[in-house]
Amino acid sequence: MASLNPVRGTHDLLPEARRRHRHVEDTARAVAARYGFAEIATPIFEFTEVFARTLGDTSDVVTKEMYTFEDKGGERITLRPENTASVVRAFLSNGLQQQLPLKYFYNGPMFRYERPQKGRQRQFHQVGVELLGVAQPQGDVEVIATGAQILDQLGIAGDVELEINSLGDTASRDAYREKLVAYFEGHLSALSEESRERLTRNPLRILDSKDEGDRALVAEAPLMTDSLNADSRVFFDTVLEGLETAGVPYRLNPRLVRGLDYYCHTAFEFTTTTLGAQGAVIAGGRYDGLVQQMGGPPTPGVGWAAGIERLAMMAGDPPPPPRPIAVIPVGAEAQTAALGLAQRLRRAGFAVDMAYSGNMGKRMKRANRIEARAAVILGTDELARSAATLRDMDTGEQSEVPLTAIEDRLASFT
RNA sequence: GUGGCUGUAGCUCAGUUGGUUAGAGCACUAGAUUGUGGAUCUAGGGGUCGAGGGUUCAAAUCCCUUCAGCCACCCCA
């Protein structure tokens with residue numbers, strides 16, 4: 001039994017769960033398309049360097065969460081833990097620098113070696129958008145608005161809040177980091193053990209700490225907002241104004257940081273309190289240095305990724321699949337004719353179910369179980385008259401219909 | 001990697017201070033109803049009680065180990 005279980009942190013998506021995922025994907029794709037994002041797909045594994053080089057040597061994703069292995073050719077391969085690095089790699093591989101700006105939507109599985117818990121798995125799924133080649137704050141607004149509209153369309157906007165912050169440009173960020181380190185070094189003894197570790201690896205993340213002692217210190221810590229230089233300040237203000245114009249409500253969170261190294265300026269998260277400890281359902285920001293870091297020309301970028309599992313848990317029931325028509329032969333002689341009729345209806349665009357065995361009672365039961373909209377009953381009596389009995393499974397009304405008129409009559413069922 | 005909680009039928013759960021062949025509801029199958037579904041009634045199938053070891057005349061129940069799931073920390077979608 002144990003060996004028949006899926007690998008820890010992975011799950012089968014049986015039809016109902018899969019449909020919920022599809023609903024999220026389809027909604028996101030459709031909304032993104034309205035904003036001009038075209039769907040692309042990158043491989044689910046890349047050379048390890050693609051992620052190792054871009055995500056930052058100190059990030060947890062790189063140091064402990066990557067699924068990395070050596071393939072038979074001796075190449076170091078990593079299952080993608082996120083998709084932004086892959087998209088940027090694809091951008092460079094395909095020589096798309098001449099075609100900026102580019103707007104991409106993606107959808108697919110990501111892999112991180114973590115202990116599973118609510119809203120967190122080892123194989124999980126994301127949709128995301130990336131906008132490449134736009135340095136203007138208008139790009140940030142457009143990207144964020146896309147996310148907001150998806151949440152709205154999924155009917156969960158009321159349970160989600162947009163938190164936003166600016167990390168500033170490199171100069172601002174470095175200046176702030178120095179201030180912050182100096183501040184915390186002055187309170188080293190009050191800092192939690194984990195945060196002391198963070199102080200050397202990634203001091204900004206102390207702002208995120210859940211430790212109570214840390215939080216008290218953080219409350220008094222210098223704010224990122226106060227360290228923004230003039231350019232960064234103007235950029236951020238323009239983004240905020242744009243959000244107001246776009247009708248996207250937000251909350252400033254000066255302690256919002258990013259785990260990955262490549263972010264600058266705008267950082268944002270759409271968060272909820274309905275998913276236990278997992279707050280973020282969509283998270284993203286601006287990454288102007290990433291393309292260059294990967295060896296490309298300086299190219300600005302901004303985007304986000306959304307967790308499909310998390311969104312699917314929040315979203316209501318997806319639209320039901322179309323109800324089938326049940327074709328029910330009565331008697332052995334009717335089998336062949338029924339099969340032919342079923343095929344004819346399927347070619348005409350109807351969803352048709354025909355059971356493989358059973359008498360009429362069984363087949364009616366099955367028709368009921370699969371919530372058939374109508375049953376087309378074909379017996380020797382009807383066949384002799386080139387007709388079939390058409391039964392409305394909701395009202396129980398039925399009537400005999402010439403075989404040639406079945407499509408037309410079925411078309412009136414909804 | 002660390003911590004807490006939980007493992008009995010496909011699902012949700014009973015199982016009394018250890019005591020014969022481990023139960024219920026739902027679901028499933030068949031019949032009542034051999035050309036008519038949903039409801040009802042009847043019957044049936046389905047369990048190495050997560051696994052391994054120990055204590056005992058006797059273990060689903062007590063002890064140890066292990067595995068898995070869930071939740072939380074770290075971190076993140």
Side-chain angles (χ1 to χ4, degrees), chain A residues 1-9 11 14 24 28 55 58-66 80-84 107-128 147 160 192-195 197-198 201-202 205 208-211 257-260 269-272 275-284 303-314 326 328-331 334 355 358-383 388-398 400:
Chain A
M1 189 68 175
S3 62
L4 290 181
N5 285 146
V7 174
R8 171 182 287 223
H11 292 279
L14 299 180
V24 172
L55 300 180
T58 60
S59 75
D60 273 42
V61 171
V62 170
T63 54
K64 59 181 201 188
E65 292 177 1
M66 294 204 308
R80 62 186 187 190
E82 55 98 41
N83 209 199
T84 300
N107 163 48
M110 308 292 159
F111 306 85
R112 290 182 199 172
Y113 190 85
E114 297 184 279
R115 278 291 275 274
Q117 65 187 75
K118 188 177 180 68
R120 167 180 301 173
Q121 312 176 248
R122 288 187 175 179
Q123 176 178 338
F124 61 106
H125 300 80
Q126 291 185 330
V127 290
V160 178
S192 72
E193 200 179 321
E194 278 159 355
S195 285
E197 171 73 16
R198 282 191 272 241
R201 279 187 21 228
N202 192 341
R205 251 185 268 159
D208 245 359
S209 176
K210 290 181 183 175
D211 181 270
V257 295
R258 288 271 68 114
L260 306 180
E269 282 180 15
F270 287 89
T271 61
T272 182
L275 293 179
Q278 267 56 250
V281 292
I282 296 181
W304 53 251
I308 293 177
E309 281 82 1
R310 292 180 185 181
L311 292 175
M313 276 192 277
M314 295 183 70
I328 300 181
V330 183
N359 59 24
M360 188 178 185
K362 289 260 173 52
R363 289 169 189 261
M364 285 299 289
K365 258 187 190 155
R366 176 181 168 81
N368 190 59
R369 193 171 51 235
I370 64 174
E371 294 183 313
R373 179 66 187 84
V376 177
I377 301 160
L378 204 55
T380 40
D381 299 354
E382 288 94 337
L383 267 182
T389 298
L390 191 56
R391 181 179 178 86
D392 185 322
M393 294 296 286
D394 289 347
T395 65
E397 288 166 18
Q398 63 181 47
E400 196 166 293

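Here is the naming used below: chain letters follow the sequence lines, and residue numbers restart at 1 for every chain.
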For [X], enumerate each residue passing the side chain to side chain contact (heavy atoms under 4.5 Å, CB included) test, keeping only those at least two apart in sequence or located in another chain.
{"X": "A/A388", "answer": "A/V376, A/L378, A/L403, A/I406"}
{"X": "A/N359", "answer": "A/K362"}
{"X": "A/P116", "answer": "A/R8, A/R122"}

Whole-Å distance separating the [atom1] atom of [X] from the [atom2] atom of [N]:
{"X": "A/I377", "N": "B/G37", "atom1": "CD1", "atom2": "P", "value": "10 Å"}
{"X": "A/M393", "N": "B/G37", "atom1": "CE", "atom2": "C1'", "value": "5 Å"}
{"X": "A/E309", "N": "B/C70", "atom1": "CD", "atom2": "P", "value": "13 Å"}
{"X": "A/F270", "N": "B/C76", "atom1": "CZ", "atom2": "C1'", "value": "17 Å"}
{"X": "A/E65", "N": "B/C76", "atom1": "CD", "atom2": "C1'", "value": "7 Å"}
{"X": "A/E400", "N": "B/G35", "atom1": "CD", "atom2": "C1'", "value": "13 Å"}
{"X": "A/I370", "N": "B/G37", "atom1": "CD1", "atom2": "P", "value": "16 Å"}
{"X": "A/R122", "N": "B/C70", "atom1": "CZ", "atom2": "C1'", "value": "14 Å"}

Looking at residues at least two apart in the chain, or sitting in another chain, which of them share a side chain to side chain donor-acceptor pair (under 3.5 Å) with A/E400?
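Testing A/E400 for side chain to side chain donor-acceptor pair (under 3.5 Å), a comparison that skips the adjacent residues, returns A/R385.
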Relative to the 5' end of RNA chain B, which residue comes earlier, A/R115 or A/A283, by the nucleotide with the nearest heavy atom?
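The 5'-side residue here is A/R115.
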Quick check for you: among [options], whose closest atom lies nearest to any side-chain atom of [X]?
{"X": "A/V330", "options": "B/U2, B/A77, B/G35", "value": "B/G35"}
{"X": "A/P116", "options": "B/U2, B/C70, B/C75", "value": "B/C70"}
{"X": "A/R205", "options": "B/C75, B/A77, B/U36", "value": "B/C75"}
{"X": "A/R8", "options": "B/A68, B/A77, B/G35", "value": "B/A68"}
{"X": "A/R112", "options": "B/C73, B/A77, B/G35", "value": "B/A77"}

Looking at A/R391, does any N or O in its side chain come under 4.0 Å of the phosphate oxygens OP1/OP2 on B/G37?
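For B/G37, OP1/OP2 do not have a side-chain N/O of A/R391 under 4.0 Å.
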Quick check on B/A72: is either OP1 or OP2 less than 4.0 Å from any side-chain nitrogen or oxygen of A/Q117?
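Yes, A/Q117 has a side-chain N/O under 4.0 Å of OP1/OP2 on B/A72.
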Is the base of B/G35 touched by the side chain of A/E382 through a donor-acceptor pair closer than 3.5 angstrom?
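When only heavy-atom distances are counted, A/E382 does reach the base of B/G35 through a donor-acceptor pair under 3.5 Å.
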Consecutive-pair stems (3 or more, Watson-Crick or G-U, under 3.5 Å) for RNA chain B:
B:1-7 with B:67-73, B:10-13 with B:23-26, B:28-32 with B:40-44, B:50-54 with B:62-66
Smallest separation among heavy atoms of A/Q123 and A/E309, with atom names
O-OE2, 4.3 Å
Counting N and O atoms only, with roles assigned by atom type, does the side chain of A/E82 sit under 3.5 Å from a partner on the main chain of A/T84, one being a donor and the other an acceptor?
yes
Test your reading of the model: is there a side-chain donor-acceptor pair from A/R391 to the backbone of A/Q398, 3.5 Å cut-off?
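Flag not set: sc A/R391 to bb A/Q398 has no pair under 3.5 Å.
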Say you pick atom [atom1] in [N] and the same atom in [M]; how far apart are they, in whole Å?
{"N": "B/G44", "M": "B/C62", "atom1": "C1'", "value": "37 Å"}
{"N": "B/C13", "M": "B/U66", "atom1": "P", "value": "27 Å"}
{"N": "B/U56", "M": "B/U61", "atom1": "P", "value": "16 Å"}

Write down the protein N/O and nucleotide N/O pairs, taken from nucleotides 28-33 of chain B, whose separation is under 3.5 Å; answer none if there are no such pairs.
residue, atom, partner, partner atom, Å
B/A30, OP1, A/K362, NZ, 3.2

